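Structure record follows, encoded as structure tokens.
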Number of protein chains: 2
Amino acid sequence: MPPSREPPIEPLDAALYDRPSVTVDVVVLTLRGGCLEVLLVRRKEHPFLNYWSLPGGLIWKGESLDEAAARVLRHKAGLEAEVGRTRRPGGHPIYLEQLYTFGNPNRDPRARVISVAYYALVEQSHVREISEESALFRLLLRDEENVAEIYDAKGKKYSLAFDHAEILAVAVRRIRGKLSYTSIGFELLPERFTLRELQAVHEAILQKKLNKASFRRKMLASGLLQPTGEFERGTGFRPAELYRFRREV
Amino acid sequence: MPPSREPPIEPLDAALYDRPSVTVDVVVLTLRGGCLEVLLVRRKEHPFLNYWSLPGGLIWKGESLDEAAARVLRHKAGLEAEVGRTRRPGGHPIYLEQLYTFGNPNRDPRARVISVAYYALVEQSHVREISEESALFRLLLRDEENVAEIYDAKGKKYSLAFDHAEILAVAVRRIRGKLSYTSIGFELLPERFTLRELQAVHEAILQKKLNKASFRRKMLASGLLQPTGEFERGTGFRPAELYRFRREV
DNA sequence: GTGCTTATATGCTTCTTGCAACTAAGTTTT
DNA sequence: AAAACTTAGTTGCAAGAAGCATATAAGCAC
């Protein structure tokens, strides 16, 4: 039997239950200049007026969580995505996946808000800073820290609204973990890319230098790369071969 | 700018928003007879009256998701847990961690219910079938399938309430993934255990045989094991040494 | 052509993993 | 008591993966 001191599992009246708002927040990540960057939007309301925050919104009736995340991505980042993996007009998919759910009772001072966080990996050229109220920021996660740090192009550091710095930390850790046993590393690259670019993606996510020869051997042996026979152009110096990610063998 | 055909991100009236119930469901896993088993409870209400389901409950006011999961575990499984990792009276912690959030609009036919799923790993001797309305079932996840299968001791297969078979599939896959780069393998064992038992845990989770010599080498080299100098007793045949999991080096 | 830079390949060493055979320590059988 | 049996634990070897250094190749500038 359950301990007698505890309240019963079902409270006698509905007042004990919570009926929270549920939102979806999306971590849109891209790679620029060898660093991970995240798309943030400026808040126009209290609390955290004028703070930068993750794009997000309340879920709607009849909409799944995945659909809500895709909608937020579409409206606040101008990106078409779907959890399976859709192809955008350009032909390259956007990777979108549920990350974690944040539900501490006081994470929003106004009311109980539970946020289901998603993350999206987007090729750099497709992230547009849709309005003056959205921008890309450099993302840095130090070892052992449970919040990520955010910097603008000038190196100025920012505090984020709500628990969003914590959400970013969870996102970076998740991506680091999945890098080795999934193919998410390709999601930040255009359809055709060089091995050097692929290595840069891995190095940015893991925040450490990798051995060139080993990296090439492993990638080529994985069977995930399809050589296109084409090469970079106008690089100065020897051009690298372009590869394509081979989905499904 | 966002496409003009889409509704605005913030609907004009609140009728578009959903204000769902939020519940926590807990996947309590243990190991018995070389198989993963899961604790299920029998439903006493419609829908899915008399179906077996995951223990769960609505979140309460002022309670975090982690706390709600621990409360469900306490009341419906008689287990003390906390997400960090607490020690129960016996001295062994219960591993509890958020798994994934399920929010399809029709997963509960009565109303919109979003469920934040957790999973707990429990040493076999501590799982009690608390009442006649709870029991352990064998858990099997076939490759490529997106729902898990549930069998009782006689080998009879059951259908679960709601999307709970899908939740179980996600749980098994998550644990499989984390087995190699975390120490969750120890959470299903008592404080002192043999290498053979540890290997059995890994084999049950991965559902494949492992090589004895390689497994031993890797485990001993990991530095996670502390020999106790003590040995099994009354085993018939040569007794194996007992090891302890060394938390934090 | 030379010199510079980056791409790509190769040889070597080290570490890991899988496989098989071996020794060790108990109990049971004869 | 000795032999047989079963599981615990070790060791040697081969195949594979990963780190490191070096060599060759291909483009550009001069």
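Just so it is clear, the structure is predicted and the values come from calculations on it, not from any experiment.
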Check every atom of C:dC12, C:dG18, C:dT8 against the side chain of A:Arg217 and return the nucleotide holding the closest atom. C:dC12

Between P on C:dT8 and CG on A:Asn211, what's the gap in Å once rounded to a whole number? 15 Å

Can you tell me the distance, in whole Å, between the CZ atom of B:Arg238 and the C1' atom of D:dG9? 5 Å

Mind checking B:Ala213 for me? I need base, sugar-phosphate or nothing, with any heavy atom below 4.0 Å counting as a touch. base

Gap between atom NE2 of B:His164 and atom OG of B:Ser159 - 0.5 Å precision: 13.5 Å

Between C:dA7, D:dA18, C:dA25, which one does the side chain of A:Ser214 approach most closely? D:dA18

Separation of atom NZ in A:Lys212 from atom P in C:dA9, rounded to whole Å: 11 Å

May I have the distance from A:Lys209 (atom NZ) to D:dA18 (atom P), rounded to whole angstrom? 19 Å

Quick one: which of C:dT5, D:dT7, C:dC19 gets closest to the side chain of B:Phe237? D:dT7

Aromatic contact between A:Phe186 and A:Phe193, with the criterion being ring centroids under 6.0 Å apart: yes or no? yes

By nearest-nucleotide position on DNA chain D, the 5'-leaning member of B:Leu242 and A:Thr235 is B:Leu242

For A:Gln199 and C:dT6, give me the distance from atom CD to atom P, rounded to whole Å. 14 Å

What class does the angle between the rings of A:His202 and A:Phe215 fall in, given that below 30° is parallel, 30 to 60° is tilted and above 60° is perpendicular? perpendicular

Please determine which of A:Glu123, A:Glu241, A:Glu232, A:Glu230 meets the salt bridge (charged side-chain N to carboxylate O under 4.0 Å, His left out) test together with A:Arg192. A:Glu230

Candidate nucleotides C:dG26, C:dA24, D:dA26, ranked by approach to the side chain of A:Pro239 - the nearest: D:dA26

Please classify the nucleic acid contact of B:Lys218 as base, sugar-phosphate, or nothing, using heavy-atom distances under 4.0 Å. sugar-phosphate

I need the CG-P distance between A:Leu220 and D:dA17, as an integer number of Å. 13 Å

Do A:Thr30 side-chain atoms and A:Val122 backbone N/O form a donor-acceptor pair below 3.5 Å? yes

Write down the distance between CG (A:Leu195) and C1' (C:dT6), rounded to a whole number of angstrom. 13 Å

Between P on C:dT27 and CZ on B:Phe231, what's the gap in Å once rounded to a whole number? 14 Å

Nucleotide nearest B:Arg216 (side chain, heavy atoms from C-beta), chosen from D:dT10, D:dA18, C:dT8: D:dT10

